[in-house]
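Taking it in order: structure first as structure tokens, then the write-up.
Lettering of chains follows the sequences in order, A, B, ..., and the numbering in each one begins at 1. When reading the values below, keep in mind they use all heavy atoms of this one structure, side chains included, and skip hydrogens, waters and symmetry mates.
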Number of protein chains: 4
Amino acid sequence: MNFASDNASGVHPAVMEALAAANEGHVLGYGRDALTEAAEDRVREVLDAPEAAVMFVSTGTSANAIALAAAVQPWHRVFCHEDAHIEGSECGAPEFFTGGAKLTLMPGEGGLIDADALEHAAGFWAGEGLGGGQPGAVSITNATESGRIWMPEAIREISAVAKQHELVLHMDGARFANAVVASRSSAADVTHLAGVDILSFGGTKNGAMGAEAIVAFDPALADRLAYLRKRGGHLLSKHRYLAAQFYALLNGDLWLELAAHANDCAAHLAQRLTAEVEGARLAHPADSNQVFAILPADADDRARAAGAQYYKWPSQGEDSGEQVTVRFVCSWNTTGDDIDGLIAALRG
Amino acid sequence: MNFASDNASGVHPAVMEALAAANEGHVLGYGRDALTEAAEDRVREVLDAPEAAVMFVSTGTSANAIALAAAVQPWHRVFCHEDAHIEGSECGAPEFFTGGAKLTLMPGEGGLIDADALEHAAGFWAGEGLGGGQPGAVSITNATESGRIWMPEAIREISAVAKQHELVLHMDGARFANAVVASRSSAADVTHLAGVDILSFGGTKNGAMGAEAIVAFDPALADRLAYLRKRGGHLLSKHRYLAAQFYALLNGDLWLELAAHANDCAAHLAQRLTAEVEGARLAHPADSNQVFAILPADADDRARAAGAQYYKWPSQGEDSGEQVTVRFVCSWNTTGDDIDGLIAALRG
Amino acid sequence: MNFASDNASGVHPAVMEALAAANEGHVLGYGRDALTEAAEDRVREVLDAPEAAVMFVSTGTSANAIALAAAVQPWHRVFCHEDAHIEGSECGAPEFFTGGAKLTLMPGEGGLIDADALEHAAGFWAGEGLGGGQPGAVSITNATESGRIWMPEAIREISAVAKQHELVLHMDGARFANAVVASRSSAADVTHLAGVDILSFGGTKNGAMGAEAIVAFDPALADRLAYLRKRGGHLLSKHRYLAAQFYALLNGDLWLELAAHANDCAAHLAQRLTAEVEGARLAHPADSNQVFAILPADADDRARAAGAQYYKWPSQGEDSGEQVTVRFVCSWNTTGDDIDGLIAALRG
Amino acid sequence: MNFASDNASGVHPAVMEALAAANEGHVLGYGRDALTEAAEDRVREVLDAPEAAVMFVSTGTSANAIALAAAVQPWHRVFCHEDAHIEGSECGAPEFFTGGAKLTLMPGEGGLIDADALEHAAGFWAGEGLGGGQPGAVSITNATESGRIWMPEAIREISAVAKQHELVLHMDGARFANAVVASRSSAADVTHLAGVDILSFGGTKNGAMGAEAIVAFDPALADRLAYLRKRGGHLLSKHRYLAAQFYALLNGDLWLELAAHANDCAAHLAQRLTAEVEGARLAHPADSNQVFAILPADADDRARAAGAQYYKWPSQGEDSGEQVTVRFVCSWNTTGDDIDGLIAALRG
């Protein structure tokens, strides 16, 4: 009954097999190998973006930070949601890689940036001149930190503001697969076709060991990305093993199948929580593979006593003595038994 | 009738004379001269801080950025007011000098950080662990960006929170003289005696040509300050002319007299605005040398037509068609005629 | 016949098995797992340094850059050999992570910094004052970029200079196992017992998939290391798989056995090159697992025609038409057949 | 008898008068004033570069660092002479402002970079790929740190190499006026007409209080310069006083007259040293306003006993007991009496 995080899950067997298969013979390091080329090509294919620059790294934080650093100057502002992972969970990696660009926090329900607020903020800072720093980018997370989904039309709305203010549009897709599945759209529809310029395409939470792809739909960014990755210490020497992970996930539709399973588990869990656990309700619609729930304190106590693992959310959140807000994350290997067990424990 | 900014005023005659007097003979550069030593000593004397490290620079932005960089690590958060100059008017200088530390914005009336909000935020981020970045400092502006004053007891309240969370307490004193005068306290009372660790002591807006002092009440910061200043290109070779400015201002009580004049002008202007200009009211109490007023649009039109200079505030502020919020700044050389003229124009 | 690099070799079977074994159940991310703790403990044990701070990352460049950034300030100089990997092969990662510290290049045979030159340079820059930047660290590579070994007494000689000038002594141990074996000393003897303060302990070239340990013998650096790693995007979420690699290598003496094999291959190759290939000679003594050789151009042509893979060294080196300098790297999986084949091809 | 540095000299009377004249009335800050515009225009006129971007700062270090930061990326290498001020006297300001670009040191007599060495180094690092960092700029100092002059044809030779390798050519003109006079060329001839892309045009050593101009001959760099200056804390609020200094120096040919005086003094001093002081000889030809001389130790002792001020050079230089290398700097206010006195003291 582990619902702590999708990175607490292990590695999918197909990825392990791909790693073993890649472990043959001598191969030139630093990405100059056939498997890397194939994996990059497959990323382009999946996104229907034949010209995109694709680059693998092993963490989501580095993917986001390098993507932003390729897109902005140190004197730029990057607009992001006030709950954004890049603001609260990356220890200043975006500031570090960009050379000190500012994150300017935007409101919006469930991690979805309010387009009017963005319009206002971009206009305000553009008008403030040198001292204010120049608006440079907007970063949206899909699925959001609250488990919501950016539907194509919502992305296009943000993109319209971005274009008007010459902002690069970045998508933090740590749970990109979950978002694509949940939006019932193609990967292209929720990225470049909706105006996304640069994408952090997550593999780790989808079943990889540690593999993310940075995808710049404008291939002119390729050089900047390459130098930023190398200089950040993120170019793996035995690069084939990084490529192998992504290649395995994108083989067929495995990445989408795994995400669909996690999303379905979350939907199921959300439905049962509200139907079967007295006093429980959802804090956000469970659009993807995360369920944010407000639980009666005694239900929470029972579940923890039964060994269920999950986080209070936010970890510093102030709850009343009578109820507590928590996050349950479903993963590629969440089972029906896990959900049954959790519900049973919560009910007591 | 120029109320645009106290940096639109010229240089006080005593400062000009000091520059001329300093222009004698050859003197070793880079601060290794007797006048620099004397000026540093005088700063320590004025602050009743005989051990403090004192260092001159020529801009307020560099004073703030170097002070913060001496105090924090790149992975730290600096709490400041959402209207803080370091956030909105310095183009990311704090992020640049600190190596990418984050500014986390705090609410509070009139630029005065709410102590409870600080307590909450410091506790929250301390609890978030590595990903959140470590709480490192709090920066308050005195007088604030809205012309309010931090009284000693309010500073001690912030300082108590800072000490509890191991935050360095920085004071941006671009208008420090105005604040000292307005608080009817000593310079020591509103700084180290109230828990301030490092001060940006402004001279430019007080009548200098371009001179600010960074004062670290913990002299152990002296080395870091020295390297940061040199590396930032802020160590003037003909340093005596920087020292001369500060020495002239701190000679006797000139700095306080100039600030008192400016504050008195502002109080007078505020009183007359509300008494004589129909429909005008103050946006903030005019504690120091700045008057923030909400004017009827036609009064504003008349004043501008008459040649009065002042800023809409904030410059991007959205006003109704019928009224407009503006800032009038009084200076060491504001005259009674200026005020008479402004009031007359506003009244029409 | 691949002698291009030890990172062109694959992953040792024991490491692959350890990865598979680690792939059981849910485990908390970000290094809060038992396997990580065990692997860190084993590193301390192997180094006989029970108090050391140990932290895993996935690349040698990040290990070096984070180690240096923990040790120095942005205004420091780091002395290193003019052939050092941190200078020529890391795209400025040390400058990036340190916030702009300078690398000051030292001469010395075969990548071994000349202690007198270091003494002179450290004294010179200490005397130059603020403008010169402060001497902060010295970094040595063991085995060196030319395949030479730092014997304990040579390290102590460098360490004595370092201590005198208050320099932190860093060792880039990308090929640390090879160095330990070649020096016929213990891991402790060539590190903290000889005055090394912080070590990049390489696993990747020793048979891992991508795993290096940063070891600070002064545990007070632990916090800085943790923030620098997180902020650099180098804290893997599924951290167990990083720990598993190191744990597998350090299980028993596997790491030393693999290095001994590679070193023996190199010694054998070096001996045969000089004995059997007419006109071939060594550019440096083959102390560890790298053989730098000066070959007749026709021998080089023959070997390449036969499919042998290895690099011209330096890659930009200017050779006469008649001879060429090359590097052959032996690895944990170099075979006798590889060597036979190479020698046969070179002989023609 | 002060020959320590041209920044030990005071401010020229014409500059002081200009400052006094500028001290009239209220003027908008941050460079939005007529005097700033006039001074910028005059810089363009003097350089015969009507399209150039011109920006004033108050120190040479900031001029160099901002110029380089506008020109290169963090992963670039900047080639400069091993004696360059940017390497040895600016505490890493170039690394700080560029975000960690590397300075790669070039040999050459008297501070003049050897064009063949540059050609070799640029080619070498271009060939090293990602790991080596990309060649980005070359910085030459005119007059050099050894008092030598870059004649137009020598600059063109460097420029040819720079163009071939896509390097931006920066000139550190801390003593630009001395260089222009000494080269008997126009300011245009030794800058953009010879291929210089960006210039640090020094005013401080030429008689200003603290004023340097950054001149980008490619006006597309204007925006980057503006943000870098603001973010670096180098945009003076009372900017008119910075502009006034430059305007005064460039009024008529004052800047050239002052430099010519300093150069003539140096030539005169050099001639008399070798003719009249037994055992004295020049370490470098005295091309501009600096005289580097090797003196018998007793002559040095006598001069210092007589109160002459000048530096041993380099300050950490190792001299034999019998002779010492020193630097005498002549300035706009060096007098014949100063020289007579120095020569007399040296002769004893």
Side-chain angles (χ1 to χ4, degrees), chain A residues 1-13 15-16 19-20 22-30 33 57-66 90-93 95-97 99 204-205 208-210 226-242 309 331 333, chain C residues 1-13 15-16 19-20 22-30 33 57-66 90-93 95-97 99 204-205 208-210 226-242 309 331 333:
Chain A
M1 295 193 294
N2 193 306
F3 295 89
S5 176
D6 26 16
N7 61 38
S9 292
V11 178
H12 189 271
V15 173
M16 294 303 290
L19 290 171
N23 197 28
E24 286 297 319
H26 289 77
V27 166
L28 275 188
Y30 303 112
D33 63 280
V57 291
S58 52
T59 70
T61 291
S62 64
N64 287 336
I66 291 171
E90 302 188 353
C91 196
E95 289 86 348
F96 176 41
F97 278 80
T204 311
K205 291 184 163 86
M209 185 177 281
Y227 282 107
L228 285 161
R229 177 174 64 167
K230 180 70 181 173
R231 176 176 184 73
H234 285 287
L235 176 54
L236 296 195
S237 59
K238 295 184 178 175
H239 191 275
R240 53 174 142 166
Y241 302 99
L242 193 53
Q309 294 200 30
S331 177
N333 63 355
Chain C
M1 295 192 296
N2 193 308
F3 296 88
S5 175
D6 25 18
N7 61 37
S9 293
V11 178
H12 189 271
V15 172
M16 293 303 289
L19 289 171
N23 198 29
E24 286 298 319
H26 289 77
V27 167
L28 278 188
Y30 303 110
D33 63 279
V57 290
S58 54
T59 69
T61 291
S62 63
N64 287 336
I66 291 172
E90 301 188 353
C91 196
E95 288 86 349
F96 176 40
F97 278 80
T204 311
K205 291 184 164 87
M209 186 177 280
Y227 282 107
L228 286 161
R229 177 175 62 168
K230 180 70 180 173
R231 178 176 183 72
H234 285 287
L235 175 55
L236 296 196
S237 60
K238 296 185 179 175
H239 192 275
R240 53 174 143 168
Y241 303 97
L242 193 52
Q309 294 201 30
S331 178
N333 63 356

Pairs of heavy atoms under 4.5 Å with chain C: top-ranked of A:Lys230, A:Gln309, A:Met209, A:Lys205: A:Met209
Contact part of A:Met16 toward chain C, heavy-atom cut-off under 4.5 Å: side chain, backbone, both or neither? side chain
Interchain contact, A:Tyr241 with chain C, by part (heavy-atom threshold 4.5 Å): side chain
For A:Ala208 and C:Lys238, work out which heavy atoms get closest and say how close. O-NZ, 2.7 Å
Which bit of C:His239 comes within less than 4.5 Å of chain A, counting heavy atoms only: side chain, backbone, both or neither? neither
Look at C:Ala93, C:Ala65, C:Pro13, C:Ser62 and state which one has the largest set of heavy-atom pairs under 4.5 Å with chain A. C:Ala93
Could you check which of A:Gly210, A:Gly29, A:Gly92 has the highest count of heavy-atom pairs closer than 4.5 Å to chain C? A:Gly92
So which atom in C:Ser9 and which in C:Asn333 form the shortest heavy-atom distance, rounded to 0.1 Å? OG-OD1, 2.9 Å
Going by heavy atoms in the side chains, are A:Phe97 and A:His234 under 4.5 Å from each other? yes
A:Asp33, A:Thr59, A:Leu235, A:Val57: which one forms the most heavy-atom pairs within less than 4.5 Å of chain C? A:Thr59
With a 4.5 angstrom heavy-atom cut-off, is it the side chain or the backbone of C:Asn23 that approaches chain A, or both, or neither? side chain
Between C:Ser237, C:Gly25, C:Ser331, C:Gly232, the one whose heavy-atom pairs under 4.5 Å with chain A are most numerous: C:Gly232
Measure from the side-chain N and O atoms of A:Arg240 to the backbone N and O of C:Ala8, and report whether any donor-acceptor pair falls under 3.5 Å. yes
C:Ala4 portion near chain A, given a 4.5 angstrom heavy-atom threshold: side chain
Applying a strict 4.5 Å limit to non-hydrogen atoms, the region of C:Tyr30 in contact with chain A is side chain
Partner chain C: residue of A:Leu236, A:Val27, A:Thr61, A:Leu19 with the largest heavy-atom pair count (under 4.5 Å): A:Val27
Side chain, backbone, both or neither: which part of C:Phe96 has a non-hydrogen atom closer than 4.5 Å to chain A? both
Between the OG atom in C:Ser5 and the NE2 atom in A:His26, the distance rounded to the nearest 0.5 Å is 9.5 Å
